[in-house]
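Input: a single structure, listed below in structure tokens.
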Amino acid sequence: MPTQVNPATGEEGKTFPALTDEQIEAKLAKARETFRSWRTTDLSTRTDLLVSIADQFAAQKESLARIITAEMGKPITQARAEIDKCEKAFRFYAKNGPPMLAPVEQKLVSGTSVSHWLPQGPVLAVMPWNYPLWQVVRFMAPTIMAGNVGVLKHASSTPGCAAALEQIVLDAGGPEGVFQNLHISASKVAGIIADDRIVAVTITGSEGAGIKVAEAAGHNLKKVVLELGGSDPFIVMPSADVRKAAETAVTARLQNAGQSCICGKRMIVHEDVYDEFMEIFVEGVKTIKIGDPTDDGTQMGPLSSEGARDEIAAQLDQAVQSGANKLYGGDIPDQPGAWMTPAILTDIPDDAPVAREEFFGPVAMVFKIKDLDEAIEVANNIPFGLGSSAWTNDAEEQARFIRDIEAGMTAINQMLASDPYAPFGGVKRSGHGRELGSHGLHEFMNLTNVMLPD
């Protein structure tokens with residue numbers, strides 16, 4: 001049974017009973033039943049619901065933000081920003097979704113081809129705790145706009161967020177079954193993927209979880225979108241605004257206590273500006289305000305759980321044992337909760353395993369490089385390929401980074417962030433498929449081609 005645990009205090013909250021097999025069956029039956037009617041609704045009905053859901057996020061902003069903070073420790077100001085982003089996504093698809101679903105006509109040598117985007121059915125989402133509402137909304141908003149219906153298996157540590165999402169849709173006037181939450185264990189996921197009523201699955205999570213979901217989906221010949229781990233490079237070249245880059249790097253690494261797949265995790269800095277960058281970056285890390293996540297002035301709260309904190313601490317120790325220099329931080333205070341000070345690693349040996357691992361917590365790895373080619377080499381010397389951030393005012397360097405960094409996303413002279421307007425996703429072991437934008441809307445739709453005579 002999922003139970004709320006406040007990572008700032010270690011105190012337990014509400015427990016949510018796990019669904020029985022009979023209750024799971026009823027939920028899946030309801031999903032199929034609702035899809036049969038929802039798939040034929042006109043676009044105005046769908047957009048009206050999206051706008052109503054957006055209004056609910058706006059109206060319930062403070063209460064939703066406090067659920068996030070209580071369940072996974074996100075500072076309250078960042079939790080409010082997450083709610084704002086959720087609202088933005090629903091309004092984006094309400095406004096831009098209909099044109100994205102318009103038929104596409106193509107004149108042929110003889111006759112005409114007309115391609116139609118049609119819904120496919122109930123889609124299962126397996127979602128994580130780090131952005132417990134936003135991650136779900138990235139799947140939820142396009143699913144409703146497409147005429148599909150959704151079922152959610154959320155992280156066991158954020159059951160209150162999961163329950164709130166289903167209630168928001170009902171509060172907005174959505175039909176019962178268009179979006180349902182499943183309080184279930186991970187052991188139930190493969191069986192649900194195998195169910196004929198589920199047509200596809202999307203997961204945001206660890207590489208290991210993604211492999212299991214992809215295996216189950218592949219075995220049942222169902223499409224899957226994987227948004228997995230990342231160890232994003234944050235590259236700073238001599239022509240960059242070094243102060244702005246260093247100050248942004250602090251936020252890029254420590255936002256959400258570093259628990260983000262697209263955090264700038266590896267700072268790759270040219271030797272000509274390395275000392276300048278490090279002076280600003282280290283000071284920023286040292287002075288970040290850590291404390292009560294319900295306080296508006298807090299910039300970094302606890303990690304999501306004591307278990308997650310202990311894993312990061314162990315990984316940090318292994319890095320030092322392999323030869324890396326712990327320049328600062330990584331301390332665990334003697335107090336309840338999942339607290340840890342941010343850490344900075346330098347002089348990481350090329351052959352150290354940690355150089356190619358993901359730190360899903362507040363640990364920055366810094367690499368000094370000599371030139372553009374080495375910057376790209378270090379950036380790509382990982383199994384992941386989610387995002388990247390490159391700081392340079394040299395047009396040729398920008399072109400090289402865009403062309404040669406092996407990642408699904410590249411930000412130039414800014415911190416990488418997801419946006420409803422832009423496709424989101426990676427390559428290599430960061431997964432495949434895209435969320436958000438028109439690409440995210442079309443992922444779980446059937447592109448039906450109709451051939452018409454002259």
Side-chain angles (χ1 to χ4, degrees), residues 65 68-69 72-86 88 130-132 134-135 229-237 240-269 273-274 276-304 312 327-330 339-346 358-367 379 386-392 401 407 409-419 422 424:
I68 292 174
T69 297
M72 55 75 59
K74 191 190 301 287
I76 191 66
T77 55
Q78 295 177 29
R80 293 184 188 121
E82 182 172 339
I83 306 305
D84 289 340
K85 204 166 187 177
C86 293
K88 179 182 177 181
N130 60 327
Y131 288 87
W134 170 239
Q135 298 278 17
S231 189
D232 286 7
F234 189 103
I235 304 169
V236 183
M237 300 297 286
D241 181 335
V242 178
R243 172 164 291 278
K244 184 178 179 182
E247 291 173 348
T248 303
V250 176
T251 302
R253 178 65 286 226
L254 299 182
Q255 183 174 253
N256 203 33
Q259 299 167 127
S260 170
C261 52
I262 57 167
C263 275
K265 297 185 173 73
R266 296 178 301 130
M267 312 305 160
I268 301 170
V269 186
V273 293
Y274 183 86
E276 180 185 359
F277 174 89
M278 288 299 287
E279 180 180 358
I280 300 166
F281 179 67
V282 173
E283 180 64 19
V285 171
K286 288 181 176 180
T287 57
I288 193 166
K289 184 175 179 182
I290 304 171
D292 181 357
T294 65
D295 185 334
D296 279 9
T298 294
Q299 297 172 295
M300 180 177 139
L303 275 73
S304 64
I312 293 297
L327 182 67
Y328 173 78
W339 298 96
M340 179 182 188
T341 60
I344 301 173
L345 290 174
T346 61
E358 175 184 24
F359 269 104
F360 207 71
V363 179
M365 293 187 281
V366 186
F367 300 81
L386 189 55
S388 60
S389 178
W391 292 74
T392 172
F401 286 133
M409 300 168 284
T410 296
I412 301 295
N413 293 331
Q414 61 183 305
M415 186 179 83
L416 181 64
S418 57
D419 188 286
F424 183 99

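Any value given below was found using the heavy atoms of this structure, including those in side chains, with hydrogens, waters and symmetry copies removed.
Between Ile68 and Ile83, some side-chain heavy-atom pair lies under the 4.5 Å cut-off. Side-chain contact between Asp296 and Arg80 is present, with heavy atoms from C-beta onward closer than 4.5 Å. Two residues are said to be in side-chain contact when any heavy atoms from C-beta on lie closer than 4.5 Å; Ile280 and Glu247 meet this criterion. Met340 is listed as a side-chain neighbour of Leu303, based on a closest heavy-atom distance under 4.5 Å. The side-chain heavy atoms of Pro233 and Phe401, taken from C-beta on, include no pair separated by under 4.5 Å. By the 4.5 Å heavy-atom criterion applied to side chains, Thr346 and Tyr274 are counted as neighbours.
Smallest separation of non-hydrogen atoms from Gly291 and Trp339: O-CH2, 3.1 Å. Nearest heavy-atom pair across Met365 and Ser231 is CE-OG, 4.2 Å. A pairwise comparison of heavy atoms in Gly73 and Pro293 identifies O-CB, 3.5 Å as the closest pair. The two atoms that bring Ala246 and Phe277 nearest to each other are CA-CE1, 3.5 Å, heavy atoms only. Across all non-hydrogen atoms, the minimal contact from Ile235 to Ala379 is CD1-CB, 4.0 Å. Listed here is the closest heavy atom pair of Ala257 and Pro302: CB-O, 4.0 Å.
In this structure a side-chain-to-backbone donor-acceptor pair under 3.5 Å is missing from Arg266 to Phe367. Looking at Ser388, its side chain does come within 3.5 Å of a backbone N or O of Met409 through a donor-acceptor pair. Judged by distance alone, with hydrogens and angles left aside, the side-chain atoms of Arg253 form no donor-acceptor pair with the main-chain N or O of Pro362 at under 3.5 Å. Remark: side-chain polar atoms of Gln259 are paired, donor with acceptor, to backbone N or O of Asn256 under 3.5 angstrom. Side chain of Asn413 to main chain of Thr392: a donor-acceptor pair is present (N/O by atom type, distance under 3.5 Å, no hydrogens or angles). Remark: the backbone N or O of Ile290 is not paired with any side-chain donor or acceptor of Thr298 at under 3.5 angstrom. Side-chain atoms of Gln78 come within 3.5 Å of backbone atoms of Gln299 as a donor-acceptor pair (strictly under, hydrogens ignored).
Taking CD1 of Ile288 as the start and CG of Leu254 as the end, the distance is 4.5 Å to the nearest 0.5 Å. Atoms CG and SG, on Leu416 and Cys263 in that order, are 10.0 Å from each other to the nearest 0.5 Å. Residue Tyr328 holds its OH atom at 7.0 Å from NZ of Lys286, rounded to the nearest 0.5 Å. Distance check, rounded to the nearest 0.5 Å: CG of Leu345 to CZ of Phe359 gives 5.5 Å. Expressed to the nearest 0.5 Å, how far CG of Asn130 lies from OG of Ser260 amounts to 6.5 Å. From Ile262, atom CD1 reaches atom OH of Tyr131 across 7.0 Å, with rounding to the nearest 0.5 Å.
Residues satisfying the salt bridge (charged side-chain N to carboxylate O under 4.0 Å, His left out) test with Glu283, not counting sequence neighbours, are none.
Judged by the 6.0 Å distance and 45° axis criteria, Lys265 is not positioned over the aromatic ring of Phe360.
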Taking it one step at a time, do Phe281 and Val269 satisfy side chain to side chain contact (heavy atoms under 4.5 Å, CB included)?
CA-CA 11 Å; Phe281 179 67; Val269 186; over 6 Å; no
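Checking Trp134 against Ser418 by side-chain atom types alone, a donor-acceptor pair falls below 3.5 Å.
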